[in-house]
Amino acid sequence: MTSLDLCSDSLDGLSVGDALGAQFFVPGSGLAALLDGDPPAGPWPWTDDTEMACSIVAELRGHGGIDQDRLAARFAEHFEPYRGYGAGAVVLLRQVRQGVAWRDAAGAAFDGQGSMGNGAAMRVAPLGAFHAGNNRTAALQAWRSAEVTHAHPEAILGAVAVAVAAAEAGWSRLTRSRPEPAELLDVVLAHLVDGRLHAGIVLARRLLGVSVAEAAYELGNGSQVLAFDTVPFALWVAATRLDDYPAAIHACVEAGGDVDTTAAIAGGVVAAYTGSGPGGIPAQWLARREPLPTTYADKSAAWSRGR
Ligand code: AR6
Ligand code: MG
């Protein structure tokens, strides 16, 4: 089991969660069908969560770490507007394509506040899995990956939280020791500073015994598309269902809201622990996900050189 194997399993978990979660915005596809073992017919197109995660994974495959300029170039190169990007992300990625420095574009977003959207968190679980066994490196690398598009500290901390959870999940898989839900969230909290994201994870830790509906009511379900309205619930799901990928995705679907993103985050963390094979992601779900792009590294390098 290499770092890249863990990373790749987490990417499968993220992208299947994203693609299946996005199906629940399609009229007529109901929760009951999924629970009955009859999910929507494929292929399930993945969305911006997966497209951006693939850019991060290409960085790790090619270089073992995040170079922010190169990551910005990859994000801009692979940006397909119809993949459901946030409104701020659309503006920012267009600007970067036009030659604006990513740091200027990210800093200017939302009247100079920077984005506190959930986009830095939605794409980062595979980076955490890659750094299984080294939570501090996962946190630092997540920070770097987030800054390229999200200048607001709450969005950056959302990415740190998800990456540390995925690193811990991957490490638990390697050591064959499942952490208690509270232990997993404590490891995450140890890498955060005070703020709304931190407060959300503290609340999630107190709610470990409650129903999905109650957790989503208290923590948010991503309907505001903000980091602190998304990550606490997604990590509550991952912590409480770490050994059961289908149950984690069911919980995200049941909660509603920004389902593709909560399922991408929870799915990316859980698959770092379960793997993507038997006992992890159902084979039928993997087969129905739109295939992942395969040409990221080369195209992006060519685009960078041509600027
Ligand atoms: N003040 C007010 N609203 C904000 C702020 C802010 N500082 N920052 C973000 N928002 P964005 P993302 C709101 O556009 O984070 C897709 O559906 C604002 O409404 O930076 O990459 C994905 O699947 C803004 O449009 O993009 C994810 O669910 C929104 O948060 C999500 O979008 C998202 O921030 C990822 O979005
Ligand atoms: Mg999306």
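Index from 1, following the sequence. Model, not experiment: these values are computed from the prediction. When a ligand or atom number is given, it counts from 1 through the structure's own listing order.
A donor-acceptor contact under 3.5 angstrom links the side chains of Asp5 and Thr2, judged on distance only. In this structure, a donor-acceptor pair under 3.5 Å is absent between the side chains of Glu168 and Tyr273.
Remark: Arg83 is positioned above the aromatic ring of Trp46, its terminal NZ or CZ atom under 6.0 angstrom from the ring centre and at most 45 degrees off the axis. Geometrically, Arg196 engages Phe228 in a cation-pi contact defined by less than 6.0 Å to the ring centre and at most 45° from the axis.
Assignment of Gly114 to the shell around ligand 1 is supported, since a heavy atom sits closer than 4.0 Å. Taking 4.0 Å as the cut-off, His152 does not count as a neighbour of ligand 1 on heavy-atom distance. Under a 4.0 Å heavy-atom criterion, Met52 is not in contact with ligand 1.
Ligand-side atoms of ligand 1 in range of Thr261: 22 (C), 23 (O), 27 (C), 28 (O), range being under 4.0 angstrom from any heavy atom. Residue contact check: Asp49 has heavy atoms under 4.0 Å from atoms 22 (C), 23 (O) of ligand 1. Every atom of ligand 1 is numbered from 1 in the order shown, and the set under 4.0 Å from a heavy atom of Ala87 is 14 (O), 25 (O). Atoms of ligand 1 found under 4.0 Å from any heavy atom of Met122 (numbered from 1 in listed order, with element): 22 (C), 27 (C), 35 (C). Near Gln113, the atoms of ligand 1 lying under 4.0 angstrom from a non-hydrogen atom of the residue are 1 (N), 6 (C), 7 (N).
Between the side chain of His63 and the backbone N or O of Gly65 there is no donor-acceptor pair closer than 3.5 Å. Looking at Tyr245, its side chain never comes within 3.5 Å of a backbone N or O of Thr274 through a donor-acceptor pair. Within the 3.5 Å criterion, the main-chain N or O of Leu197 finds a donor-acceptor partner in the side chain of Glu154. Of the possible polar contacts, one joining the Glu59 side chain to the Asp67 backbone as a donor-acceptor pair under 3.5 Å is found. Of the possible polar contacts, one joining the Ser15 side chain to the Asp12 backbone as a donor-acceptor pair under 3.5 Å is found.
Closest to atom 11 (P) of ligand 1 among all protein heavy atoms lies Ser115 OG, 3.7 Å. Closest to atom 22 (C) of ligand 1 among all protein heavy atoms lies Asp48 OD2, 2.9 Å. The single protein non-hydrogen atom nearest to atom 14 (O) of ligand 1 is Gly88 N, 2.7 Å, given as residue, atom name and distance. The protein atom (non-hydrogen) at minimum distance from atom 15 (O) of ligand 1 is His150 NE2, 2.7 Å. Nearest non-hydrogen protein atom to atom 8 (N) of ligand 1 is Met116 N, 2.9 Å. Among protein heavy atoms, the minimum distance from atom 31 (C) of ligand 1 is reached at Asn118 OD1, 3.1 Å. Shortest contact from atom 24 (C) of ligand 1 to any protein heavy atom: Phe110 CZ, 3.5 Å. At the shortest separation from atom 32 (O) of ligand 1 among protein heavy atoms lies Gly86 N, 3.5 Å.
For Val160 against Ala139, the heavy-atom pair with the smallest separation is CG2-O, 3.6 Å.
Under a cut-off of 6.0 angstrom, the local environment of CH2 in Trp171 is sparse, with at most 12 non-hydrogen atoms contributed by other residues, nucleotides or ligands.
Checked by distance only, ligand 1 and Ala89 come closer than 3.5 Å through their nitrogen or oxygen atoms. Between Asp258 and ligand 1, a contact under 3.5 Å exists for at least one N or O pair.
Nearest-heavy-atom check against atom 13 (C) of ligand 1 across Leu226, Asp260, Val225 picks out Leu226.
At a cut-off of 2.8 Å, Asp48 is counted among the residues with an N, O or S atom near the Mg ion (ligand 2). Put simply, Asp18 stays out of reach of the Mg ion (ligand 2), with no N, O or S atom under 2.8 Å from it. Within the coordination shell of the Mg ion (ligand 2), defined by N, O or S atoms under 2.8 Å, Thr47 is present.
Contacts of Thr230 with ligand 1, taken as heavy-atom pairs under 4.0 Å, are absent altogether.
Put simply, the residue from Arg173, Arg178, Arg176 that forms a salt bridge (charged side-chain N to carboxylate O under 4.0 Å, His left out) with Asp243 is Arg178.
Connection of Leu207 to Leu242 is established within a shared hydrophobic cluster, with ILVMFWY side chains joined at heavy-atom distances below 4.5 Å, either directly or through further cluster members.
The Mg ion (ligand 2) forms the vertex of an angle spanning OD1 of Asp49 and OD2 of Asp260; to the nearest 10 degrees it equals 100°.
For the atom pair CG of Leu127 and CD1 of Ile66, the computed distance is 5.0 Å after rounding to the nearest 0.5 Å.
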